[in-house]
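Step one of this worksheet: look at the structure below.
These numbers come from a predicted model, not from an experiment. Below, chains carry the letters A, B, ... as their sequence lines are ordered, and counting in each starts from 1.
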Amino acid sequence: MNPPLLAVRDLQVRRGEALVIDGVSFELEAGCDTALIGPNGAGKSTLVQALLGLLPHHGGVIELLGHPLSRSGRLPAAIRDQVAYLPQKLQLDGRFPLAVEEFVRLGCSPCCNQRTAVPAVLDRLQVRHLRRRLLSELSGGELQRVLLAFCTVHPRRLLVFDEPRTGLDPQAAEQFHELLQQLRREQGLTIMQITHDLQMVRRSCDWVLCLNRRLCCQGPPQQTLSRDELERLFGGDFVLYEHNHHHFR
Amino acid sequence: MSSDLSGSLALLQEPFMQRALFGGLITGVLGGWVGSLAVLRQLSFFAEALGQASLLGISFALLMSLSPSLLLLPFALGFAVLLRLLLKRSSLSADALLSLMCSSALALSVVLLSSLPGARLSLQQLLFGDILGISWSDLVPMLLLLIITLTYGVISRRAQILISVDPLLARSRGVAVETHRMALLGLLALVVAVSIKAVGVLLISGFVVIPACTARLLSRSFTAYVLLASGIGALSAVLGLLGSAVLNQPSGPMVVLMQAFLFGLTFALAGLLAQRWAGAAATAASADHGG
């Protein structure tokens, strides 16, 4: 049996004095698409940032790709190069003079051949025609695809997204989702994504982590997205509105 | 008129004018480079605060009978570190804190300068600069700073872009965000300190910011933006100094006026250039789709 890509045991993370993550334990299997769901302020972004060493943790154990993270969270470059992370919303200045191709090149690690890797990823994600455009000139859907190109220009094993569909219209969200699944199939990527789109989770994720400071439940979507579990996670007045993304195809 | 012009151009043969041009060229490149990043990180007002703090450094130096050049660099660097710490630890917004520090430094400088027994530096020189009075010994730290700045710029290019895009994204790619932020503030402080002699306290923020604003109007990539800002900084410094010699006007305001003129000209032409770029981008995109 292969060791898990990510193993977390009894994790504790503080923000100032407040204990934001308390006693969280789970494992991510290679090739798995895992959704992290929970109400606002549940500590989802804090958890993924701690897992990637972007925030220090104050208790428990994190093993990323077999490498135990120190409390300060500093990752060796060899491990970091195999992981890509996209924050919830980029703090990108609308007047930033940065061309798409120039930006994607920055995703390369030192061992990556930029001359072949950059055109290849631009083709794979169908954004080659945007390569001379400024990031600030892109639509929401185009920007997400370019960010995905930035993340995957170097071969990775784990992609971590913090609400990747925020701000996208349903059609662009669906296209982005399909692109992500295609990459997962072709490259055997493991994905962990924070999301509020429970329909998408039900359709394509293999595993769900329900977080509200503590891990309330985890398991396959059929089990974790039951009305009882969702009411326990989001509160008694939780209502699920369903809509069909396929309508826009 | 022609005799005025030939007389002014004869000034170019004079060593003091050659030193001034050399100094203008160096500070222009420095200001353009650091300014391009300062504008992206919204640090323009920081440059203004550092300029006024430099006046305080000069006042302290005069009070202690030291050479202002000696005290100015460490003082500006110390002030930049203090500002960064206060910005991190205070609950005040950046603009309010900078305004507070800026006004306090200016007020204290005026009190200190007016308490000095005899004016050893004219107020006009301090406020608007006197690049013509630059000496070879002033040029040495400028040249050193240029070498350090350009070397750091090349080494830290990836880090600077990623931090400007998003600090968290930069950290996820292994960039030491805090270290690079402090390094940039330190360089900004040093560039402001060495440029004070050329353009003075009042015009320093414009001197740093305007070339970057002009370059932004013309740039379609980060690399072009930084190179253009440095080039425009250098060009306006040289043209401003020549204008100062021909029109017999103070050098600092002439350099900044030249920067403002180039910005105005670019702004007026930017619409035309944007249309041309949009056409070229559409052609390239359709060619890519077609191919």
Side-chain angles (χ1 to χ4, degrees), chain A residues 45 48-49 51-55 73-81 83-103 105-110 119 122-123 126-137 142-143 146-147 150-151 154 159-162, chain B residues 36-44 91 156-178 212-229 270 273-274 276-291:
Chain A
S45 298
V48 295
Q49 286 174 28
L51 297 179
L52 300 177
L54 301 175
L55 279 179
R74 195 159 177 79
L75 274 177
I79 301 291
R80 195 174 50 237
D81 282 347
V83 181
Y85 166 65
L86 268 189
Q88 188 173 6
K89 192 166 169 31
L90 291 189
Q91 294 174 17
L92 185 66
D93 179 351
R95 292 149 293 182
F96 197 147
L98 184 61
V100 165
E101 191 171 21
E102 198 177 22
F103 173 65
R105 213 177 289 140
L106 299 176
C108 286
S109 66
L122 293 176
D123 280 338
Q126 299 158 25
V127 287
R128 192 180 170 87
H129 61 290
L130 302 173
R131 67 187 188 280
R132 291 193 189 123
R133 296 263 291 274
L134 298 182
L135 285 191
S136 50
E137 294 170 348
E142 289 171 338
L143 181 62
V146 167
L147 290 172
F150 169 83
C151 286
H154 176 82
L159 296 186
V160 182
F161 297 109
D162 193 341
Chain B
S36 63
L37 289 174
V39 167
L40 281 183
R41 306 266 179 84
Q42 299 172 4
L43 291 172
S44 310
S91 57
S156 71
R157 178 181 172 275
R158 178 176 183 266
Q160 298 299 346
I161 298 177
L162 286 177
I163 295 172
S164 305
V165 170
D166 188 280
L168 198 56
L169 185 75
R171 284 183 56 210
S172 77
R173 300 280 20 107
V175 173
V177 172
E178 270 311 302
C213 295
T214 311
R216 173 63 194 92
L217 295 173
L218 294 167
S219 308
R220 300 290 298 171
S221 75
F222 179 83
T223 308
Y225 167 65
V226 174
L227 291 177
L228 264 174
L273 286 171
R276 207 175 145 191
W277 278 323
T283 310
S286 60
D288 282 344
H289 275 311

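- Listed options Q42(B), R158(B), R157(B) were ranked by heavy-atom pairs under 4.5 angstrom with chain A; first place goes to R158(B).
- When A77(A), P97(A), A99(A) are compared by the number of non-hydrogen pairs under 4.5 Å with chain B, P97(A) comes out ahead.
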| task | Take F222(B) and F103(A) through the side chain to side chain contact (heavy atoms under 4.5 Å, CB included) test and state the conclusion after the steps. | result | CA-CA 9 Å; F222(B) 179 83; F103(A) 173 65; over 6 Å; no
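- Rounding to the nearest 0.5 Å places CG of L134(A) at 9.0 Å from OG of S219(B).
- The two atoms that bring Q49(A) and L168(B) nearest to each other are NE2-CD2, 3.4 Å, heavy atoms only.
- Pairing each heavy atom of L169(B) with each of P87(A), the nearest pair is CD1-CD, 3.8 Å.
- For L55(A), the part sitting under 4.5 Å from any heavy atom of chain B is the backbone (N, CA, C, O) and nothing else.
- In terms of non-hydrogen atom pairs under 4.5 Å with chain A, the most contact-rich of I161(B), T223(B), D166(B) is D166(B).
- Contact of L52(A) with chain B is not made at all, since no heavy-atom distance falls under 4.5 Å.
- Pairing each heavy atom of R132(A) with each of R220(B), the nearest pair is O-NH2, 3.8 Å.
- For V83(A) against R173(B), the heavy-atom pair with the smallest separation is O-NH1, 3.0 Å.
- In this structure, chain B has no heavy atom under 4.5 Å from any part of C151(A).
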